[in-house]
Amino acid sequence: MHQIIKAFNLELRRIFQSRIYTLTLFLFPAISLLFFLCYFSKSGIRELPIVVIDQSKSNLSEKLIEMISATASVKIAYNTSNYNEGISLIRRGKAYAAVVIPPQFEHDILSARPTEVMMYNSGANISTNGFIEKDIQSVVTTFSAGIELQRATPLAKIMPVRFEKHILFNPYLDYAYYLAPCFMAMMIMIFTMLSTTFAVAQRGIEGVDYLLGKVLPTTFIMWFYALVMLLLLFVVIGVPLNGNRWLLILATLLFVAVYQAIALFFVGITRNRELSLSLGGGYSVLAFTFSGLTFPTMAMFPILKAASYLFPFTYYMDIVIDQAIRGSAYEDTLLKMGCMSIFLLLPFTIYRRL
C-alpha cells in the first residue's frame, strides 16, 4: 500500500510538471466534451436548405410549397422557376436538394391526369439526403391523398394497403440519441489511452504496486470525465435513459479501465512511447469504424464482423444502446460487460516487459 501511495504522489507531481501530460489529461477531454455538448444541443435535424423550382406558378403548386415549408427538417432557402439555376445551387453547395414542380402540374391534376414532382439531391451526405427525401415524400403523398379525397374517391382506392410505421426508441429521429454517446465515449477512450501511455511508457516500473500507483491518477481523472459525460448526455442533452442507470455507470467505469489495460499492453509489446501512442491512436480510430454506427455490424463480411469484437468500444456502445435507448434486460448487458472484462487480462501477458 505504501508503494502505491508513493507512486501515486510521484505521478501527480509528474502530471503537473509536464505541459503535454496536463493538457492531455485535463484540458483536451474537457474541451472535447464541451464541443460535443454544443454540437448536439440543438435537437434533431432542422431547417436543411433546399431549393424549389416552381415551373407551374399555380395555386396548387403554392399550396404544395406551403406544405413543404411547414416541414421541420427542411427550409426553402431558394424559390425559382429556372431549372438550371436551381440545380446549380446544389452543385455550389448552397442547397441540399431541389424539388421540381412541372409546368403542367395544376392542369394535369385538374384534368385527372397523373403528374409528378421530382426531387434532386447531391447524395454527398446520405443521412441528410435520407431525412429530406423521407419528409418530401411524405408531404407529396399527403398532398396527393388530399387531392383524391376532394374528388370523393374512396380511401381504399387511394391506399388499398396501408403501411403504418412506429419508431420505438428514437421517435424524433434525433441525431443526439446515438451520435452524442458515440463521439463523447470515443473522446474518453482516446484520452484514456494517451494519458495511460504517458504514465507508464518509461523505465523503472518496480512491481505491481508501483505500476498501479502510476495509473491510478489517470483512472480517477478519466472516471470523473466519464461520469461528467453521462451527466451531459442524460441530463443536459436529454438522451433517454430507459434502462438501469447503475449498470450503465458500472459499464462506463469498466470501459475506462479496459482501455487503460490496452494501453499497458501496447507499451509492453513495443517498449517505446512514440510507437505505443501511434498504435493506441490507430486502434482507437478503428474502434469507431467497427462499432457498427457507421456501417451495420450485421451487414459486414463475416471476417470483419468477427474483427469488430476485438474492440471494447463495440461492446460499450451496445451497452449504451441497450440500457439507454432500448431498456433491454440486464442479462444482455452483463454478458457484454463480461466480454469487455476479458481485455483487463492483456497486461498480465506482457507484464515482465513493462
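Here, residue 1 is the first one in the sequence, and each next residue gets the next number.
A salt bridge does not link E66 with K63: none of the charged nitrogens is closer than 4.0 Å to a carboxylate oxygen.
Using modelled atom types, one side-chain atom of S32 and one backbone atom of P29 make a donor-acceptor pair closer than 3.5 Å. When atom types are taken as modelled, the side chain of K214 and the backbone of A199 share a donor-acceptor pair closer than 3.5 angstrom. Judged by distance alone, the side chain of Q260 and the main-chain N or O of V215 form a donor-acceptor pair under 3.5 Å. Put simply, the side chain of Y330 never gets that close to the backbone of N244: no donor and acceptor are under 3.5 Å apart. When atom types are taken as modelled, the side chain of T71 and the backbone of I68 share a donor-acceptor pair closer than 3.5 angstrom. Panel note: side chain S81, backbone Q55; no donor-acceptor pair is recorded below 3.5 Å. Side-chain N or O atoms of S69 include none that pairs as donor or acceptor with a backbone N or O of I65 at under 3.5 Å. In this structure, S111 contributes its side chain and H107 its backbone to a donor-acceptor pair below 3.5 Å.
Scanning all heavy atoms of the two residues, the minimum distance from I90 to Y96 falls at CG2-O, 4.5 Å. A pairwise comparison of heavy atoms in P312 and I262 identifies CG-CD1, 3.6 Å as the closest pair. Here the shortest heavy-atom pairing between P347 and A261 reads CG-O, 3.5 Å. The shortest heavy-atom contact between M119 and N121 is CE-ND2, 3.3 Å.
Ring-plane geometry between F311 and F290 is classed as parallel, the angle between the planes falling under 30 degrees on a 0 to 90 degree scale with a further cut at 60. Between F40 and F36, the two ring planes are parallel [angle under 30°; tilted spans 30° to 60°]. Using bins of under 30°, 30° to 60° and over 60° for the plane-to-plane angle, the ring pair F313/F288 lands in the tilted bin.
With sequence neighbours left out, F255 forms a ring-ring contact (aromatic ring centres under 6.0 Å, His included) with Y259, Y316.
A donor atom on one side chain and an acceptor atom on the other are not found under 3.5 Å apart for T333 and D322. Residues Q104 and T115 bring no donor and acceptor atom of their side chains to less than 3.5 Å of each other. Side chains of T270 and S276: a donor on one and an acceptor on the other come within 3.5 Å. Between the side chains of T80 and E85, at least one donor N or O sits under 3.5 Å from an acceptor N or O.
Rounded to the nearest 0.5 Å, atoms CZ (F191) and CE (M186) are 10.5 Å apart. Rounded to the nearest 0.5 angstrom, D54 CG and E62 CD are separated by 7.0 Å. Annotation: the span from N79 atom CG to I53 atom CD1 amounts to 9.5 Å, rounded to 0.5 Å. Atoms CG and CZ, on L248 and F234 in that order, are 4.5 Å from each other to the nearest 0.5 Å.
Side-chain contact between S341 and V258: absent, with no pair of heavy atoms (C-beta onward) separated by less than 4.5 Å.
Taking hydrophobic clusters as Ile, Leu, Val, Met, Phe, Trp and Tyr residues chained together by side-chain heavy-atom distances below 4.5 Å, V99 does not share a cluster with L89. Residues L304 and L286 share a hydrophobic cluster, clusters being chains of Ile/Leu/Val/Met/Phe/Trp/Tyr side chains in contact below 4.5 Å.
Close placement of the F26 and F16 rings is indicated, their centers lying within 6.0 Å of each other.
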